[in-house]
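Atoms within each ligand, like the ligands themselves, are counted from 1 in listed order. Note that the structure is predicted; figures quoted are calculated from it, not measured.
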Amino acid sequence: MSDWPHLAAVPGGTVEIVVGDITGLAVDAVVNAANRTLLGGGGVDGAIHRAAGPELLAECRTLGGCETGEAKITRGYRLPAAHVIHTVGPVWRGGGEGEERLLAACYGNALALAHAHRLARIAFPAISTGIYGFPPEKAAPIAVGTVLACLPEVVVEHVIFCCFSPASAELHREALERLAR
Ligand code: AR6
């Protein structure tokens, strides 16, 4: 039997950890780990643009890019998710250039935008831990800790960490078990 999904009740809502492809999730918003152009790329960004179709890129062209740590919202087009919240994670440069603060800002700003749009269910990938090289074992507690801190303050009530591998999911579960007590 699979260890996943893993579901936990926390102050302000519920947190779920799944292993899979975020483009298949029928939530109010999926978060995209984009770059500052917002014009597509590889990894989860490429997968989201492929699944959403060319209308997503057309809307992204109107947004004027996005700074690292900030977030912008579009419709989801052909995705099962209603919206995409695009955020730009930091490139890992050894940890001395504000990478941890910027990664936390991605999660916090994505949740604030979801709150402003009255969205209840949102799914995050493990931002920055692929092409941008953020060590996954450092990223998971920042992701989980920021979500736990924000959840009581926002209308968002269900957060899914959509991990691409069981190893990534395990890191998120360990962080959740440690930080949610
Ligand atoms: N569903 C869920 N997670 C995924 C998927 C998917 N379909 N595909 C990959 N991941 P990355 P970054 C995981 O590289 O590090 C792009 O070119 C992946 O295993 O997608 O923030 C952008 O345009 C990893 O755990 O994003 C930027 O230029 C996590 O998603 C740059 O990459 C993030 O990996 C952003 O790099």
Run the numbers for me: atoms of ligand 1, each under 4.0 Å from some heavy atom of [X], listed by number.
X    : answer
G42  : 16 (C), 17 (O)
G20  : 1 (N), 2 (C)
G41  : 17 (O), 23 (O)
A33  : 21 (O), 22 (C), 26 (O), 35 (C)
G43  : 8 (N), 20 (O)
T129 : 15 (O), 24 (C), 25 (O), 29 (C)
D21  : 1 (N), 6 (C), 7 (N)
A47  : 7 (N)

Given 3.5 Å as the limit, does a donor-acceptor pair link the side chain of [X] with the main chain of [Y], or not?
X    : Y    : result
T87  : E70  : yes
T146 : A143 : no
S128 : P90  : yes
N109 : A71  : no

Minimum-distance protein heavy atom relative to [atom]:
atom                    : value
atom 13 (C) of ligand 1 : F164 CB, 3.8 Å
atom 21 (O) of ligand 1 : S128 N, 2.8 Å
atom 29 (C) of ligand 1 : A126 O, 3.2 Å
atom 32 (O) of ligand 1 : I131 CD1, 3.3 Å
atom 1 (N) of ligand 1  : I22 N, 3.0 Å
atom 15 (O) of ligand 1 : G130 N, 2.8 Å

Are [Y] and [X] linked, directly or through intermediate hydrophobic residues, by side-chain heavy-atom contacts shorter than 4.5 Å (ILVMFWY only)?
X    : Y    : answer
L179 : V15  : yes
L56  : I22  : yes
W4   : F124 : yes

Is there any N or O on [X] that sits under 3.5 Å from an N or O of ligand 1?
X    : answer
C163 : no
T23  : no
P125 : no
G133 : no

*Side-chain donor-acceptor contact under 3.5 Å, T74 with H86*: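 The answer is yes; a qualifying pair exists.
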*Hey, are E16 and H6 close enough side-chain-wise for a donor-acceptor pair under 3.5 Å?*
no
*Identity of the nearest option to atom 30 (O) of ligand 1, non-hydrogen atoms only, from N35, V30, V44, T37*: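 Answer by nearest heavy atom: V44.
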_Counting only heavy atoms, tell me which of F124, F134, Y132, W92 gets closest to atom 28 (O) of ligand 1._
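Shortest heavy-atom distance from atom 28 (O) of ligand 1: Y132.
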_ring-ring contact (aromatic ring centres under 6.0 Å, His included) partners of H172, counting only residues at least two apart_ = F161
_Residues in side-chain hydrogen bond (donor to acceptor under 3.5 Å, both in side chains) contact with E55, at least two apart in sequence or another chain_ = R78
_Is S168 close enough to touch ligand 1? Criterion: a residue heavy atom under 4.0 Å from a ligand atom._
no
_Pairwise side-chain contact, W92 with E97, heavy-atom cut-off 4.5 Å (strictly under)_ =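 A side-chain contact under 4.5 Å is absent here.
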*asked:* I'd like to know if D3 and R173 make a salt bridge, using a cut-off of under 4.0 Å between side-chain N and carboxylate O.
replied: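 So D3 pairs with R173 through a salt bridge.
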